[in-house]
Amino acid sequence: MSYDFKSTEKKWQDIWDEKQTFAAKDDYTLPKFYGLVEFPYPSGQGLHVGHPRSYTALDIVARKKRLQGYNVLYPMGWDAFGLPTENYAIKTHIHPAVVTEQNVKRFKSQLKSLGFSFDWSREINTTDPEYYKWTQWIFLQLFKEGLAYKKEMAVNWCTSCKCVLANEEVVGGVCERCGSEVVRKVKSQWMLKITDYAEKLLKGLEDVDFIERVKTQQRNWIGRSTGAQVKFQTTAGDELQIYTTRPDTLFGATYMVMAPEHALIEKWADRLENLAEVRAYQETAAHKSDFERTEVAKDKTGVRLQGVEAINPVNGEKIPIFISDYVLASYGTGAIMAVPAHDERDYDFAKLFHLPIIEVVKGGDIEKEAFTDCATGVLVNSGFLDGMSVEEAKKAILAWLEEKGIGEKKVNYKLRDWVFSRQRYWGEPIPIVHCPHCGAVPLPEDQLPLVLPDVDSYEPTENGESPLANMTDWVNTTCPHCGAPAKRETDTMPQWAGSSWYFIRYIDPHNQNAMASEEAMRYWLPVDWYNGGMEHTTLHLLYSRFWHKFLYDIGAVTSPEPYAKRTSHGMILGENGEKMSKSRGNVVNPDDIVREYGADTMRLYEMFIGDFEKAAPWNSSSIKGCKRFLDRVWALQGDCRKGGIRAELENSFHKTIRKVTEDIENLKMNTAIAALMALLNEMTAAGPITEEELRIFLLLLNPFAPHITEEMWVQMQFGGMLNEAAWPQYEEAKCKDAQVEIAVQVCGKVKAKLNIAPDEAKDSVLQKAKELPAIAALLEGKTLVKEIYVPAKLVNLVAR
RNA sequence: GCCGUUGUGGCGGAACUGGCAGACGCAAGGGACUUAAAAUCCCUCGACAGCAAUGUCAUACGGGUUCGAUUCCCGUCAACGGCACCA
């Protein structure tokens, strides 16, 4: 009888549902495991084959951990606020909540059809007022601590979404989501001071088990650099502050550059002899979109300020000041000292404007290019720094600057504050009231949640305000502080808000009084293992670490880091090796695969497809191999005899148990499956299998293919349900082979094979090797120079 | 440009504290079963030479270290991802 996956899979999914088989227990005495995967955005397209790659991998870990006796929390929910739903609402005039509900329903049934062991009793949805009540609560805490503030600033404005974007959402000068042009626009925006946490976010990386590329990418994004802040006197009387990482090159500073937006320029307006030219340059720079600014190989531009000069503090020399957009207003002090001899950008600029280039670090050829190597250079033309290495000179000049009171050590970060408001409808309302007397006033916590009102039109307004701005009933309110008429904030939060703390809510999802109870947090936090996409490394992953560290500081959560371990899966590409997309026509729909092959095959294939961390192309033939494997497993019932593991297979079983157990922990699902396939081949080759062999085999295969294994378990009457059984144990001693075949090399080339006991003495092995006819013949008439024996691996005889 | 990752059969991939390259699977070819096909089962399967035992060459390319290198070191090339004037 062949295996009917359709009815069997449905049957077990229903049983698991009914019995709440995978619900995490509230018994805090048990050893716990909290496995987490990124909750999906329930889009109209339905589940993508990429989702199950991550979900299956941690499902395997979760299922194995349960069999090993852990209390496992493996939850799922919906990151449901977001633009596609809102855009759909604009087009169809269907309420986003209705669309969300439909999409969630579809996603949920798709996920269930794959047999994931999620604890559905803890399902959450970021658009549920009972959920976003706490998102708003966190915002209020940030506001109270001064970490949320409103600022008039040039923001990234997506011309198509009519909405502000965070720096992280602008990719290559265009909107990450829709690909439209992004321009700079000055608007008043809510900001979160993530920069206050730059150092903590960096430091925290030392204590977590994240894959290295995630750590590196976060470190680079935070972009810490150590240097000096130095004051230059100017002929206008004001001091010009600059930031440099190379204070050692101070003697080589031949000019200064300020960002076009620098505040001192306004102050110096009267003194500037070429004010019109300066103003014109400022104007051009301000109107450049991010797209223009990032265009490659852009030549340097700039204008010299006529009428003001700076004085180099080390030698009292007057040097010119320029404005140029190659200096950013938002980093450091918005002004630099230019050392053309030792900085490529300054070098280009100096060549263009025919400015002097003074070598102060010897080692390169400054006629040809800037010499930027810090490791080998020696200071010259630098007074008391002459002869020092760069490192020595940095220390010496810093001491000198500090003594004179004109400079100090300074740390800077590339990380910018997080632009937190969006002029959109489908997001969490920001719980702030603007009062003409009291300013921005937080909504009292007992008024949370501040529920999103129904609007007639979801279109952003023409002046770029949120659709909520037209809701006068809702907007007009009274000041919670003084009672005067006031207006509500109409911007909403970005999609990243709800996902920045969702893993806390899973712990205690129905709690009315807190995000989660302290007791529950103490038990479950931090998340033991979080798997997700690399694309979230500098967005969601960094944002949620920031919120969590903040919540920890105010005593609202119990762990300093949210996630103990982070891994990342590779993308599943289309059959042609390109990224799956509708326009390329290479999209594989998971529903079709489940319908044709079943969930177990789908799961197995996605795990067998290749190295979990690497991208892998879909292959519709390869999936058949996984189906065949499961059919062969099913057939094992046919000729199965009573009895324990056959003696000749004992070693293989122990080795396979060890391999599968370890591979799952290391996310090496492909080799774990390969080991199971190899064991199956070996078992069947050795004649009719035994019940104990099948029992162990089903346990090992269960996390990968849960339905077929549960079904066979019951049919074989192994007792109870498989998910209640215990994960098999292996004995190290029984993993050892009695005999191993080793290679015998002569001069590094394999010439023969030899069977020995793995612990056989070196002398004895070498003796046997030399006695092999093929080897003896080769050694005839030669002198043995060296005899190498790598235990249980090989013998190498070097002869001349 | 900088940072990171990767380069192994026709394909996906194994093996890397240096130790028999190609596990496992796909595709392909041959055979069995079948009226036939599908399914299933058995055999072959890196390249070249040879009837064969076997030999030579092969882990992007060029060097090096070593008894021995896919693995370590130096250089080059290519692909992918991230950042992009961060002083």
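The basis for the numbers below is simple: all heavy atoms, side chains too, and nothing from hydrogens, waters or symmetry mates. We name chains A, B, ... by the order of the sequence lines, and we start the count at 1 in each one. Every value quoted in this text rests on a predicted model; they were computed, and no experiment measured them.
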Expressed as a whole number of angstroms, how long is the span from [X]:[atom1] to [N]:[atom2]?
X: R213(A); N: rG81(B); atom1: CZ; atom2: C1'; value: 9 Å
X: I572(A); N: rG12(B); atom1: CD1; atom2: C1'; value: 12 Å
X: E613(A); N: rG81(B); atom1: CD; atom2: P; value: 17 Å
X: D248(A); N: rA87(B); atom1: CG; atom2: C1'; value: 13 Å
X: F612(A); N: rG12(B); atom1: CZ; atom2: P; value: 20 Å
X: E344(A); N: rA84(B); atom1: CD; atom2: C1'; value: 13 Å
X: D631(A); N: rC41(B); atom1: CG; atom2: C1'; value: 14 Å
X: W221(A); N: rG82(B); atom1: CH2; atom2: C1'; value: 9 Å

Nearest-Å distance once atom [atom1] is located in both [N] and [M]:
N: rA58(B); M: rU5(B); atom1: P; result: 28 Å
N: rU34(B); M: rA28(B); atom1: C1'; result: 23 Å
N: rU70(B); M: rC57(B); atom1: C1'; result: 16 Å
N: rC42(B); M: rA21(B); atom1: P; result: 28 Å
N: rA53(B); M: rG64(B); atom1: C1'; result: 37 Å
N: rG46(B); M: rU40(B); atom1: C1'; result: 29 Å
N: rU6(B); M: rC45(B); atom1: P; result: 32 Å
N: rG55(B); M: rG1(B); atom1: P; result: 48 Å

When syn is taken as a glycosidic angle within 90 degrees of 0, is rG63(B) syn or anti?
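rG63(B): anti glycosidic orientation.
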Using a heavy-atom cut-off of 4.0 Å across all strands, would you classify [X] as base, sugar-phosphate, or nothing?
X: S225(A); answer: sugar-phosphate
X: D611(A); answer: sugar-phosphate
X: A615(A); answer: sugar-phosphate

List the atom of H48(A), the atom of P590(A), and the distance in Å for their closest heavy-atom pair.
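Minimum heavy-atom separation between H48(A) and P590(A): C-CG, 4.0 Å.
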Whichever of N220(A) and Y331(A) has its nearest RNA chain B nucleotide further upstream toward 5'
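Comparing both residues, the 5'-ward one is N220(A).
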For M337(A) and K749(A), find the nucleotide of RNA chain B closest to each by heavy atoms; which residue's nucleotide sits nearer the 5' end?
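Per heavy-atom nearest nucleotide, the more 5' residue is K749(A).
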Would you say a side-chain N or O of T537(A) is under 4.0 Å from OP1 or OP2 of rG82(B)?
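For T537(A), the contact criterion (side-chain N or O under 4.0 Å from OP1 or OP2 of rG82(B)) is not met.
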I want to check one thing: is the phosphate of rA87(B), taken as OP1 and OP2, less than 4.0 Å away from some side-chain N or O of Y326(A)?
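The answer is no; no side-chain N or O of Y326(A) sits under 4.0 Å from OP1 or OP2.
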Look up atom CD1 in I623(A) and atom OH in Y597(A), then write down how far apart they are to the nearest 0.5 Å.
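I623(A) CD1 to Y597(A) OH: 6.0 Å, rounded to 0.5 Å.
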Short side-chain donor-acceptor distance under 3.5 Å, [Y] and [X]:
X: S620(A); Y: E575(A); value: yes
X: Y255(A); Y: N312(A); value: no
X: E38(A); Y: H540(A); value: no
X: T56(A); Y: E606(A); value: no

Is it true that [X] and [Y] make a salt bridge, defined as a side-chain N closer than 4.0 Å to a carboxylate O?
X: K768(A); Y: E760(A); answer: yes
X: D759(A); Y: K736(A); answer: no
X: E732(A); Y: R658(A); answer: yes
X: K762(A); Y: E787(A); answer: no
X: K6(A); Y: D4(A); answer: no

Which of the following nucleotides, rG82(B), rC3(B), rG13(B), is nearest to the side chain of A616(A)?
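Output: rG13(B).
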Look at the side chain of K300(A) against the base of rC85(B) and say whether a donor-acceptor pair falls under 3.5 Å; ignore hydrogens and angles.
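Answer is yes: a donor-acceptor pair is held.
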What does the B/S/- profile of nucleotides 15-29 of chain B look like, 5' to 3', with a 4.0 Å heavy-atom cutoff to protein?
----BB--BBSSS--
Would you write out the dot-bracket form of RNA chain B, 5' to 3', with Watson-Crick and G-U pairs under 3.5 Å, [ ] for crossing pairs, | for pairs to other strands and . for unpaired bases?
(((((((..(((......[....))).(((((.......))))).((((....))))..(((((..]....))))))))))))....
